[in-house]
There are 2 protein chains.
Amino acid sequence: MFDVRNHAEERCGGMGRMSPQRQHGARPSPEVRAVRERPAAGRRRTSHSLEAVLTEAVALLDTSGEHALTFRALAARLGGGAASIYWYVSSKDELLDRAADHVLADVLVAVEGVGGGDPVDDLRTIALALFDAIVERPWLGAYFMRDTGVQPNGLRLYERLGQQVLRLELGPRESFHAVSAIVGFVVGTAADMGQQAPEAVLSGEVDRDEYLARYAAQWRALDADEFPFIHHVVDEFAGHDDAEQFRAGLDLILAGLSLQAGR
Amino acid sequence: MFDVRNHAEERCGGMGRMSPQRQHGARPSPEVRAVRERPAAGRRRTSHSLEAVLTEAVALLDTSGEHALTFRALAARLGGGAASIYWYVSSKDELLDRAADHVLADVLVAVEGVGGGDPVDDLRTIALALFDAIVERPWLGAYFMRDTGVQPNGLRLYERLGQQVLRLELGPRESFHAVSAIVGFVVGTAADMGQQAPEAVLSGEVDRDEYLARYAAQWRALDADEFPFIHHVVDEFAGHDDAEQFRAGLDLILAGLSLQAGR
DNA sequence: CGATCTTATAGAACGATGTTCGATGTCCGC
DNA sequence: GCGGACATCGAACATCGTTCTATAAGATCG
């Protein structure tokens, strides 16, 4: 298993994504936190377990969005008090860090078999899996690999991407830059696209097209001399598909990478 | 001038970046808001003006970070009450949207002369300018071009990037995808890199190296069989430069784009 | 000039949130 | 059966975004 133990030393960020000023530093019994899975033989009343906390947190985030994740709302779902959650998690930031990593476990499973084919194709496959996960869960992007001490799955995903780049036989620096670029593009783009339209949540598909159309109309109303490019692409924008747009951008990076690898 | 007037109709997001559920929809006298610049002849007591509000908001964000931007703190800086700010701005989201666009005006000025040389080089220049702005202000990334109705400068920057792509003579779809990819990469990467280390804010340079070193040590402690890639690039990570890392990733995209344009 | 409307400001309060504190209950080893 | 670690929770605190209402200064007009 993973075992980056943290005995009272501060955690760190990773991969260029540094954790901000928050110093969620394991106040109540830090190193025992990992064993918090107890089989729950004779559970007293609620008996949460970190797993249950994260699962319910993710469920809350998925169904009602980031602003709905509240210690009180989460506690209500768990059938307990809000303060109890602090026994498993030292702050809301850590809760979100752990929830993000909890979700990444599924992505990791989804790309388990990838690695046998063409390196670039495998890279694309993994990147797409990560993209899908973040688009479905916009909050994920903001907390992806912020603190690898608490997010082993993020590290594993980074590693899996890296292993494909490894087969391109580039130097360490080019390899590092390549994976960083891919991750940066995937997370950044997916997080952007995940921010839904105001009321499109309600009706689903039709609303999105109309939303785009109204937007496109606003663009078309701009001065043609001052905004030639916008007029050039407004039709593409009006009918664009997020996944295709992402894929096209990813392919630009991968094409550049292939070129660099001399393939 | 820009004149995307919004008479009581709802604003929209743009470019794939949709604004979330917030419907900051101009409650108190919407369309007059643009004229809120009054020369302040006989100012009564405080007399803010949108400009002053945004300037102080940005100053607060720059010196103390996003969490320090509070209506009360901002009001204290302006020498007035917190509720007064709502006359210029209908919500904190709109305040941040406008503050973000306010900052982009500087970027726009910085890239004013760009456009004469090689299209790809000009693209790189503009992207770098945007990158620098976001790295200095991590909060900018999250609010870049979320609501073009309130953020004309974001649109203008998008347009300027697009104009360079236009010269590559691609089809509308490829052009749209290219600019979207560049913007997505720039914003995503820069926002990530902007999240500073916990205490690195205090000491500046030396702390960052030590921070990276401690992180690298954590990576080196990982199992070499399970994490071959991480071991392969850990030295690069330990001594990496954010700007160089960004540039390398951007060049991958631009290389792919050059290939596509047949140059 | 005085009435009235618009522009602009601000104090007080509301509801919600993250977090802390202290008390209490439950389980295990001895 | 007893002490200490594990686990839970109610109550309270400080802070935040936001709303409501009152109010005063300029502009407009008869």
Side-chain angles (χ1 to χ4, degrees), chain A residues 21-53 57 60 64-97 99, chain B residues 20-53 57 60 64-97:
Chain A
Q21 69 281 8
R22 81 211 148 94
Q23 69 272 19
H24 55 75
R27 248 173 343 271
S29 56
E31 60 279 348
V32 201
R33 207 69 71 69
V35 210
R36 208 52 48 73
E37 312 299 345
R38 63 156 55 231
R43 54 183 64 194
R44 201 160 12 175
R45 207 178 322 176
T46 44
S47 154
H48 299 183
S49 88
L50 221 195
E51 261 283 319
V53 169
L60 210 44
S64 311
E66 186 169 5
H67 76 278
L69 178 59
T70 298
F71 274 83
R72 285 175 243 262
L74 181 55
R77 250 177 188 270
L78 291 164
S84 306
I85 302 172
Y86 281 86
W87 198 84
Y88 298 95
V89 143
S90 68
S91 73
K92 194 179 184 183
D93 261 311
E94 190 189 320
L95 172 64
L96 279 159
D97 282 345
Chain B
Q21 70 280 6
R22 81 212 148 98
Q23 70 273 20
H24 56 74
R27 249 177 336 276
S29 56
E31 59 278 351
V32 200
R33 205 71 69 70
V35 209
R36 207 53 47 74
E37 313 299 345
R38 63 156 56 232
R43 53 184 68 195
R44 203 164 9 186
R45 208 179 320 178
T46 44
S47 150
H48 300 184
S49 89
L50 222 195
E51 261 284 318
V53 170
L60 210 43
S64 311
E66 186 168 5
H67 71 98
L69 178 59
T70 298
F71 274 82
R72 284 174 242 264
L74 181 54
R77 251 177 187 268
L78 290 164
S84 306
I85 302 172
Y86 280 87
W87 198 85
Y88 299 95
V89 143
S90 70
S91 72
K92 192 179 185 182
D93 261 311
E94 192 189 318
L95 172 63
L96 279 159
D97 282 345

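Chain letters run A, B, ... following the sequence lines, proteins first, then strands; residues in each count from 1. It should be emphasised that the depicted structure is a prediction, and the values quoted were computed from it without experimental measurement.
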Value in whole Å for how far the C1' atom of dG17(D) lies from CG of L96(B): 12 Å

Point-to-point distance, once rounded to the nearest 0.5 Å, from CG of L60(B) to NE2 of H67(B): 9.5 Å

Between C1' of dT15(D) and CD of E66(B), the distance in whole Å: 17 Å

Atom pair distance, as rounded to whole Å: CD1 in I85(A) and C1' in dG18(C): 11 Å

Under 3.5 Å donor-acceptor, Y88(B) side chain and V53(B) backbone: no

Qualifying salt bridge (Lys or Arg N to Asp or Glu O under 4.0 Å) pairs with a residue from residues 76-85 of chain A, counting only residues at least two apart or across chains: E56(A)-R77(A)

Protein-nucleotides 11-17 of chain C N/O pairs closer than 3.5 Å?
{"residue": "dT17(C)", "atom": "OP1", "partner": "T70(A)", "partner atom": "OG1", "Å": "3.3"}

Separation of atom CG in L74(A) from atom P in dG18(C), rounded to whole Å: 10 Å

Whole angstrom value for the distance that separates P of dT8(D) from CG of L50(A): 11 Å

Side-chain heavy atoms of L95(A) within contact of L69(A), under 4.5 Å: yes

A68(B): side-chain contact (heavy atoms from CB on, under 4.5 Å) partners, not counting sequence neighbours: S64(B)

N/O (side chain, Y88(B)) to phosphate O (OP1/OP2, dT9(C)) under 4.0 Å: yes

S49(B) side chain to A52(B) backbone, donor-acceptor under 3.5 Å: yes

